[in-house]
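Atoms considered below: every heavy atom in the structure, side chains included; atoms not considered: hydrogens, waters and symmetry mates. Within every chain, numbering begins at 1; the chains are lettered A, B, ... in the order of the sequence lines, protein sequences first and strands thereafter.
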Number of protein chains: 2
Amino acid sequence: MAVKVKQDSVDRVSQICAALRRAIIERALLPGDKLPEDALGDSFGVSRTIARQALGQLAAEGLVSLRRNRKAVVATPTIEEARDTFEIRIALEALVADCLAASITPEQITELKRHVADQEVADIASEAEAIRLATDFHVLLAGMTGRPILERYVTEVAYRSGLALSAYGRPHSNDCAIEEHRKIVEALEKGDADAAAREMTGHLSAVADRAQVMTREAPPRDLATILAPFVTS
Amino acid sequence: MAVKVKQDSVDRVSQICAALRRAIIERALLPGDKLPEDALGDSFGVSRTIARQALGQLAAEGLVSLRRNRKAVVATPTIEEARDTFEIRIALEALVADCLAASITPEQITELKRHVADQEVADIASEAEAIRLATDFHVLLAGMTGRPILERYVTEVAYRSGLALSAYGRPHSNDCAIEEHRKIVEALEKGDADAAAREMTGHLSAVADRAQVMTREAPPRDLATILAPFVTS
DNA sequence: CATCATCATACTGCATGCAATAATTTGAAG
DNA sequence: CTTCAAATTATTGCATGCAGTATGATGATG
C-alpha cells in the first residue's frame, strides 16, 4: 500500500494562503507587490486555478486587493482602515486577556514564557522571525482561550495589523516590545484580569502609535490652515 | 456602442456569496443542507469553477463547511461556536453603538427609523424578510460608523449569528424584537453613548438567550450527576 | 426479509485551453 | 531625443475535461 501523499485540496489552498500570510507578515511581501497567478502557481507547484482561489481568500481577509483583469497585489490599507483595524484589535484582545486571566493553566503560562524567550532570541538573530513571533504571541494567546471564533478574528486582525505596520510603521525597530509581552504574561499568571486587559490594550496602543496610525484625528491637511502662517500682513 | 453588460468576475463570485448568505440568513438554506457545485453553478448560470470559489469564501466566513471530496454543506456551528459568536458580536456592536452615539447625523436617524418601520411591516407580511431586515438593521448601523473594517466584521458576525439562530433558535417568533431596535435608535438620537451600548448589549444578549445559546456554562452532562437522583439509597 | 458486497452514477479536485483584457514593446513622427 | 500610436506579449476570466473519490443502487447471500 502506497504512502498517503495526497493532500487535502482545501488545504492546498490554505497552505498557499498561510505561506502568503507569513510572507506578508514578515514583510517579504510589501503592500503593492504584484501577485500574478501563474507565478504563484509555479512557486507552489499548482495551477493558476488553485493560486486564484488562494488570492480570493486573502482578498476576503483584506490582505490582497483584486481588481478585474489586473494582477492581484498585496493590499495597501488606507490610514483609516489601519486605525480601525487597531481599534478592533484592541477590543478583541482585551476580550482574550479577560478570558485568559480567569482560565489560564500553569502549562499555558510556561508555554507563553517559552514563546517570549524565543522572541528574545529571534530579536537578535532574525528580523523576519522576530516580527513573525511577535504576531504569533498574540495568536497563541487567542488560541488558548479555546474560543474558536475569537481565535479566528484575533488572528485575522493581527495579520491585518501587520500589514498596516508594513505600510505605515517605521522599519521594525521594536514593533512589539518583548517587555510588554512579558508584562501581559505576568498579569495573566497572577490571574489579574484588569491588569492583563490594561497591559494588553496599552501594548497594542503602543504598537499602533509607533506606526503613527492612531494619531488622534489625522490632521485635516486644510490648505488654508497650512498657509495661514505664510500669509503676510 | 453596446450597453455594458460585462460583470466583474470578482463580483460574480461575490454575488453568489451574497445570494447564499441571504438564503442562509432567511433560513431558506438550513444547516446541513447540501450545496453541490454544479447545482449551484446551474442556478447562477456559471461554471463549477465560480461556484467553487464562492463556496471557498463562505467556508472562510464559517457559513459553509467543506470536507474533501464531499459536497459542501451549510455549516452547523457547534454550541460553543454559537456562544462565542454572540459574545464577540456583543463586543463589536458595543463599539458601534459607542461610535455612533457621538457621530450620528439626523439623516441617519431618519434612515434608521424608516428601517425599523419597514421591519414592522415585514414582521406581519413576510417571515423571511422580517428576519433579513432584522440583521440588516445591525449591518446598517455598522455601516454608519464609516469604519470599514468594523462594518466588515460586524456583518460577518451578524451572519454567523443568524446561522447559529437557524441551528439553535426556536422558529423565528421574535428573534430581533423591533421594540429593542427602536430603543437603540432612541438612545443614539439622544447621543447617549452609555444607554446606546446598554440597549445594544441587552438586545443582543436577549437574542442569544432566545436561542438558548448563552446558557451560562452549558450543563456538563455529567453522567453521575444526571443519575444521582435515580440512585436508590 | 435483512445484510452485505459489487457496480454504476454523481460529484469533487485539479489542470488546461480559449477568449478577452491589460501591459509592454516597437516604431514612426515631431 | 521625446512622444504617442500600433502591434505584440503577458495575464486574467472562465468553462470544460479528465481522473479520482464518495454515494446510491443492484443483486447476491444468509
Only counting residues at least two apart or in another chain, list the ones meeting side chain to side chain donor-acceptor pair (under 3.5 Å) with [X].
{"X": "A:R48", "answer": "A:E37"}
{"X": "A:S161", "answer": "A:R89"}
{"X": "B:E61", "answer": "B:R21"}
{"X": "A:T49", "answer": "A:S47"}

Over how many whole Å does the gap from [X] atom [atom1] to [N] atom [atom2] extend?
{"X": "B:D11", "N": "D:dT12", "atom1": "CG", "atom2": "C1'", "value": "15 Å"}
{"X": "B:F44", "N": "D:dC14", "atom1": "CZ", "atom2": "P", "value": "15 Å"}
{"X": "B:R12", "N": "C:dA20", "atom1": "CZ", "atom2": "P", "value": "14 Å"}
{"X": "A:Q53", "N": "D:dT12", "atom1": "CD", "atom2": "C1'", "value": "15 Å"}
{"X": "A:L66", "N": "D:dT12", "atom1": "CG", "atom2": "C1'", "value": "11 Å"}

Legend entry - Exercise: do B:H115 and B:H181 side chains pair donor with acceptor under 3.5 Å: no

Distances for protein N/O vs nucleotides 7-12 of chain C N/O pairs under 3.5 angstrom?
| from | atom 1 | to | atom 2 | distance (Å) |
| --- | --- | --- | --- | --- |
| C:dT12 | OP1 | B:E37 | N | 3.1 |
| C:dT12 | OP2 | B:E37 | N | 3.2 |
| C:dT12 | O3' | B:N69 | N | 3.3 |

Legend entry - With B:R22 via salt bridge (Lys or Arg N to Asp or Glu O under 4.0 Å) - residues at least two apart: B:E26

